[in-house]
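Hydrogens, waters and symmetry mates are skipped; everything else that's a heavy atom, side chains included, is used.
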Amino acid sequence: MGDVRCKIEAIVLLENQIGSLLQKREYAIKSGQVVEVNGRVLTNGEYIRYLTKEMIQYEEEKLEVIEDVLINGPVDELYRIYEDIAKEPKDEFKMERLLTIFDLIERKEAKKERRRSYE
């Protein structure tokens, strides 16, 4: 159960990183700012491309983790983790973890249903 729970935490973290990059990208589009990244000055267009590339990288990582959970994580374990987290005290990311698990359960159930319809 710990492995799947760690993967859920990783998904939430990656989603937050993607959201942060998206906010920076939207601000860069509106502001037209020139920025320094890793000791290099980037024009607005270069910075937007840099942020977009980072977002794509995090999105790919997130999809790999999701796919791993969908393939290797039993749906019963997802339900148990959901119940455990629901009973925990509220923290900053509790709702995000619960929504992530709910999404994974829905995907897993939909995958099962598609398999049944092909049989």
Distance col, row I11:CD1 vs I18:CD1, nearest 0.5 angstrom, shows 10.5 Å
Would you mind listing the cluster partners of V12? Hydrophobic ones only (ILVMFWY), side-chain contacts under 4.5 Å, chaining allowed.
-> F93
Sorted by chain and residue number, the side-chain hydrogen bond (donor to acceptor under 3.5 Å, both in side chains) partners of E113 (sequence neighbours excluded) come out as R116
List in chain and number order the residues that pass salt bridge (Lys or Arg N to Asp or Glu O under 4.0 Å) with D76, two or more places apart in sequence or in another chain; answer none if no residue qualifies.
-> none
Is any side-chain heavy atom of K30 less than 4.5 Å from a side-chain heavy atom of Y27?
-> no
From L51 atom CG to I29 atom CD1, the distance as rounded to the nearest 0.5 Å | 9.0 Å
Please write out which residues are connected to V41 in a hydrophobic cluster, directly or through intermediates, given that two of Ile, Leu, Val, Met, Phe, Trp, Tyr count as joined at side-chain heavy-atom separations below 4.5 angstrom.
-> V34
Nearest 0.5 Å please: distance from the CD atom of Q57 over to the CG atom of L21.
-> 9.5 Å
Same apolar cluster: I101 and L13, side chain cutoff 4.5 Å | no
R97 bridged to D91 by N-O distance under 4.0 Å | yes
Quick note, salt bridge (Lys or Arg N to Asp or Glu O under 4.0 Å) partners involving residues 48-58, not counting sequence neighbours, are none
Same cluster (ILVMFWY, side-chain, under 4.5 Å), L98 and Y79 = yes
In chain order, what residues pass the side chain to side chain contact (heavy atoms under 4.5 Å, CB included) check against K7, with sequence neighbours excluded?
-> D3, V65, D68, V69
Measure the NZ-CG distance between K108 and L78 for me, rounded to the nearest 0.5 Å.
-> 7.0 Å
How would you list, by chain and number, every residue that makes a side chain to side chain contact (heavy atoms under 4.5 Å, CB included) with A28, sequence neighbours excluded?
-> Q33, N44, Y47, I48
Among pairs that include at least one residue of residues 15-26, which meet side-chain hydrogen bond (donor to acceptor under 3.5 Å, both in side chains), considering only residues two or more places apart or in two chains?
-> N16-E96, R25-T52
Hey, are the side chains of I85 and K94 touching, using non-hydrogen atoms and a 4.5 Å cut-off?
-> yes
Would you mind checking if D84 and R80 are paired as a salt bridge, meaning a charged N to carboxylate O distance below 4.0 Å?
-> no
Apart from L63 itself, residues in the same hydrophobic cluster as defined by side-chain heavy atoms under 4.5 Å = none
Which heavy atom of E67 sits nearest a heavy atom of K111, and at what distance?
-> OE2-NZ, 3.9 Å
Distance from I66 atom CD1 to L104 atom CG, nearest 0.5 Å?
-> 6.0 Å
Apply side chain to side chain contact (heavy atoms under 4.5 Å, CB included) to E92 and list each qualifying residue two or more places apart in sequence or on a separate chain.
-> none
Mind checking side-chain hydrogen bond (donor to acceptor under 3.5 Å, both in side chains) for E60 and listing every partner two or more places apart, or none if nothing turns up?
-> none
The reported gap from CZ in R114 to NZ in K112 (rounded to nearest 0.5 angstrom) is 12.5 Å
For E106, all residues meeting side chain to side chain contact (heavy atoms under 4.5 Å, CB included), sequence neighbours excluded | F102
Check ion pair R5-E88 (N to O, under 4.0 angstrom) = yes
